[in-house]
Amino acid sequence: GNKAVRAATIGATVEGSLGTDGGFASGTADVDFYKLTAPSNGRLTVTTSVIEAFSADTFLRIFDSKGVELAFNDNISEDERASEASVSVLRGKVYYIGINGAGENARAYNPKVANPGVAGSPGDYQFSLTFDHPPTLTTVANLATADQGQPFTITHAMLAAAANEA
């Protein structure tokens, strides 16, 4: 719940519950907050998922260290109650993730205020963080020049190999 900010770890799947905190009922205005310090520059993606049929319908927000919203999402698709959002992050900077239940004003809470939530969907959820590092360009082969008037081809495979993404 929003009474404590929990650490988030890239690659780990975390289980949470909206409406209860540590076995205590916190109500439908519960917001769970998580904190992450970016390990390097890159792209952070946060994805929630439902555990079972009666799990929470999540609403996801990502904030910078000052509480400024960087991204939000209610549903991944029309048929999916889970949420997903991505942001570019900078190494060493702190980011916060807010997960609450979807509802009419799910985005209306202030992350800098204690007990900021508005009524939303209660229930269990899971979330995970994935991180994409920017590609590192390296020399694959010596640069070749084309003879004037002769065709020169650059393939996708060549570019992917140069970006260490092959």
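Index from 1, following the sequence. Heavy-atom basis, side chains included; hydrogens, waters and symmetry copies ignored. This structure is a prediction, so every number in the text was calculated from the model and none was measured.
Here the closest heavy-atom approach between residue F63 and residue P111 is recorded as CE2-CG, 3.5 Å. The nearest pair of heavy atoms linking A56 to L18 is CB-CD1, 3.9 Å. Taking both residues in full, the closest heavy atoms of L90 and N41 are given as CA-OD1, 3.3 Å, listed atom of the first, atom of the second, then distance. Pairing each heavy atom of R81 with each of D57, the nearest pair is O-OD1, 3.2 Å. Of all non-hydrogen atoms in A106 and G101, the two that sit nearest each other are CB-O, 3.7 Å.
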Residues S40, F131; criterion side chain to side chain contact (heavy atoms under 4.5 Å, CB included); working and verdict: CA-CA 9 Å; S40 67; F131 190 78; 3.4 Å; yes

Audit row: V46, I62, side chain to side chain contact (heavy atoms under 4.5 Å, CB included) steps and yes/no: CA-CA 8 Å; V46 182; I62 303 172; 3.8 Å; yes

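Note: Y34 OH to L129 CG = 10.0 Å, rounded to the nearest 0.5 Å. One finds the CZ atom of F127 at 9.0 Å from the CG atom of D32 (value rounded to the nearest 0.5 Å). Interatomic distance, T47 OG1 to I76 CD1, rounded to the nearest 0.5 Å: 6.0 Å. Taking OG1 from T130 and CD from E84, the interatomic distance works out to 7.0 Å, rounded to the nearest 0.5 Å. T48 OG1 to Y125 OH: the interatomic distance, rounded to the nearest 0.5 Å, is 9.0 Å. Atom CZ of residue F33 and atom CD1 of residue I99 lie 10.0 Å apart, to the nearest 0.5 angstrom.
F72 and Y95 are members of different hydrophobic clusters when ILVMFWY side chains are connected at heavy-atom separations under 4.5 Å. In the hydrophobic clustering of this structure, V31 does not group with L60; members are Ile, Leu, Val, Met, Phe, Trp, Tyr whose side-chain heavy atoms approach within less than 4.5 Å, directly or through other members. V89 and L70 fall within a single hydrophobic cluster, where Ile, Leu, Val, Met, Phe, Trp and Tyr side chains are chained together by heavy-atom contacts under 4.5 Å.
For R61 and Y109, the positive end sits near the middle of the six-membered ring, less than 6.0 Å away and at most 45° from its axis.
Inspection of the S86 and R43 side chains reveals no N or O donor paired with an N or O acceptor under 3.5 Å. Looking only at atom types and distance, the side chain of D124 has no donor-acceptor partner in the side chain of S55 under 3.5 Å away. Side-chain polar atoms of T13 and S128 form no donor-acceptor pair below 3.5 angstrom.
Side chains of P39 and I10 form a contact here, defined as non-hydrogen atoms less than 4.5 Å apart. Using a 4.5 Å cut-off on side-chain heavy atoms (C-beta onward), V5 and Y96 make contact. Side-chain atoms of K35 and V94, non-hydrogen and from C-beta on, do get closer than 4.5 Å to each other.
Side-chain atoms of D64 come within 3.5 Å of backbone N or O of G67 as a donor-acceptor pair. Between the side chain of N75 and the backbone N or O of S77, no donor-acceptor pair lies under 3.5 Å.
The pair D74-R107 does not count as a salt bridge, with every side-chain nitrogen at least 4.0 angstrom from each carboxylate oxygen.
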